[in-house]
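I have placed the structure first, in the form of structure tokens, so that the comments after it can refer back to it.
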Amino acid sequence: MEEFIAIESKEHLIKEIEKVEFDCLVSNGCPYILPIDNLKKGNQKFINIHPSLLPDLKGKHPINGAILYGRKHGVSCHLMDNGIDTGDVITSIEIPITEDMSLGLIYQISFLMEGEVFEKALKLNFEKIDETIYYTRKSTDSIINKGDTLNIIKNKIRAFGINGMYAKYVFNEKEYCCKKIKIIDNGVLDRLFFSYDDNTIILKYENCILIKKEGKYVEIELESNEGIEVGEKFL
């Protein structure tokens, strides 16, 4: 049987923490604001799991607040400091709230996702990772390369989807501007074209081509599809 101590007050909890040698303390649902600066020794880490997308919705009842004010919801793992849910966020996971979800269901899903966000933070050794990026567009960023995954291709076409920026792909020594991309989920296509290999051009119409990529049917609108023939390998 695992041992545990029933905590009677904040002062009782602080005394118990001070007795223990540890590298990392994990808090989940603790009702007390702890004096972390006074408790922390050396390189000890104090970690908390919180059911919101911090720094939004700090406090005791974030799930109610997310629904009441129409905020995005999720769970976060963060470093603790002396404030209320104010320490640096290590990682978080968004949980979409849909109209068909009751409060009880949202609570249960949030509890389960708290375990997942903890595991995610553990893999990072509870180190805050700065995921902020700075970006200045380069001409090479819009180039689609042979062998790019469908997701990469989709992101490039969407990211540069206006005149003068279009993502480009060199095919048969000619550069093609890719204006739009659409992944089509339709059983008729699979019935008609299931035998086609990946990267094969299945149809050519207007300024579009339909290709098979990673087992999916992908429509790409080009500025021009001249010089492209059905049956050729593309992308």
Side-chain angles (χ1 to χ4, degrees), residues 53 66 70-75 91-101 105-106 109-110 112-113 115-117 119-121 123-124 129-235:
L53 292 176
R71 310 293 290 185
K72 287 186 176 181
H73 174 55
V75 291
T91 189
S92 60
I93 300 173
E94 183 175 348
I95 303 171
I97 295 178
T98 55
E99 292 292 332
D100 54 356
M101 296 173 71
L105 178 58
I106 296 168
I109 291 173
S110 300
L112 293 171
M113 293 302 291
E116 189 170 315
V117 82
E119 290 180 1
K120 190 176 177 183
K123 289 177 182 177
L124 297 172
I129 303 297
D130 186 0
E131 296 179 344
T132 303
I133 66 170
Y134 298 85
Y135 179 70
T136 300
R137 187 175 67 247
K138 303 187 293 294
S139 59
T140 53
D141 291 346
S142 62
I143 301 299
I144 297 172
N145 302 299
K146 193 172 184 66
D148 279 350
T149 65
L150 178 56
N151 192 56
I152 290 172
I153 293 167
K154 181 180 66 175
N155 288 347
K156 287 181 178 180
I157 293 175
R158 292 186 64 203
F160 302 104
I162 59 173
N163 189 27
M165 285 190 198
Y166 294 132
K168 300 167 184 66
Y169 180 65
V170 176
F171 180 69
N172 291 340
E173 300 182 353
K174 181 178 177 180
E175 186 177 81
Y176 289 88
C177 292
C178 303
K179 298 173 67 175
K180 295 179 183 177
I181 185 169
K182 187 186 297 180
I183 299 172
I184 302 174
D185 183 10
N186 188 302
V188 173
L189 293 182
D190 197 45
R191 182 159 59 86
L192 291 172
F193 306 121
F194 73 92
S195 62
Y196 279 73
D197 294 331
D198 261 10
N199 305 313
T200 302
I201 299 171
I202 298 171
L203 293 173
K204 171 184 173 181
Y205 48 95
E206 300 175 357
N207 279 328
C208 296
I209 58 171
L210 184 73
I211 70 169
K212 200 170 184 180
K213 182 74 176 177
E214 297 176 13
K216 298 179 180 179
Y217 299 97
V218 183
E219 181 187 75
I220 299 177
E221 181 184 342
L222 308 170
E223 275 196 324
S224 169
N225 60 11
E226 283 188 28
I228 296 174
E229 301 299 333
V230 171
E232 292 185 296
K233 295 287 187 178
F234 193 85
L235 299 179

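The shortest distance between side-chain heavy atoms of K179 and N207 does not fall below 4.5 Å. Counting heavy atoms from C-beta outward, I143 and K138 have side chains that stay 4.5 Å or more apart. With contacts defined as side-chain heavy-atom distances shorter than 4.5 Å, the pair L210/I184 qualifies.
Taking NZ of K204 as the start and CD of E229 as the end, the distance is 4.5 Å to the nearest 0.5 Å. The distance from atom OH of Y176 to atom CG of L235, rounded to the nearest 0.5 Å, is 12.0 Å. Annotation: the span from L222 atom CG to C177 atom SG amounts to 8.5 Å, rounded to 0.5 Å. N155 CG to I181 CD1: the interatomic distance, rounded to the nearest 0.5 Å, is 9.0 Å. With rounding to the nearest 0.5 Å, the separation of CD1 in I144 from CZ in F160 is 10.0 Å. One distance of note links OG1 of T200 with NZ of K212; it measures 8.5 Å at 0.5 Å rounding.
The two atoms that bring I228 and I209 nearest to each other are CG2-CG2, 4.1 Å, heavy atoms only. The shortest non-hydrogen separation linking G215 to D198 is N-OD1, 3.0 Å. Heavy atoms only, all atoms of each residue included: I97 and A66 are closest at CD1-CB, 4.3 Å. When all heavy atoms of I95 and I109 are compared, the closest pair comes out as CG2-CG2, 4.0 Å. What you find for S110 and H73 is that their closest heavy atoms are OG-NE2, 2.8 Å. Closest approach of I220 and C178 over heavy atoms only: CG2-CB, 4.1 Å.
Around the CZ atom of F194, the shell of radius 6.0 Å holds no more than 12 heavy atoms that belong to other residues, nucleotides or ligands. When the shell of 6.0 Å around CD of E226 is examined, it contains 12 or fewer heavy atoms from other residues, nucleotides or ligands. More than 12 heavy atoms of other shown residues, nucleotides or ligands fall within 6.0 angstrom of atom NZ in K233. Dense packing is recorded around NZ of K174, with more than 12 heavy atoms of other residues, nucleotides or ligands lying under 6.0 Å away. Heavy-atom neighbours of N186 CG from other residues, nucleotides or ligands within 6.0 Å: above the threshold of 12.
K213 and N199 share a donor-acceptor pair across their side chains, judged by distance under 3.5 Å alone. With hydrogens and angles left out, the side-chain atoms of E219 and Y205 include a donor and acceptor closer than 3.5 Å. A donor and an acceptor atom, one from each side chain of N151 and T149, are nowhere located under 3.5 Å apart.
Between F193 and Y217, the angle of the ring planes lies from 30° to 60°, which puts this pair in the tilted group.
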Go through D148 and K156 one step at a time and tell me if the side-chain contact (heavy atoms from CB on, under 4.5 Å) criterion holds.
CA-CA 10 Å; D148 279 350; K156 287 181 178 180; 2.9 Å; yes

Check against side-chain contact (heavy atoms from CB on, under 4.5 Å), E116 and T91:
CA-CA 10 Å; E116 189 170 315; T91 189; over 6 Å; no

Residue pair I153, V218: steps toward the side-chain contact (heavy atoms from CB on, under 4.5 Å) verdict:
CA-CA 11 Å; I153 293 167; V218 183; over 6 Å; no

From CA spacing to verdict: side-chain contact (heavy atoms from CB on, under 4.5 Å), L150, I183:
CA-CA 10 Å; L150 178 56; I183 299 172; 3.9 Å; yes

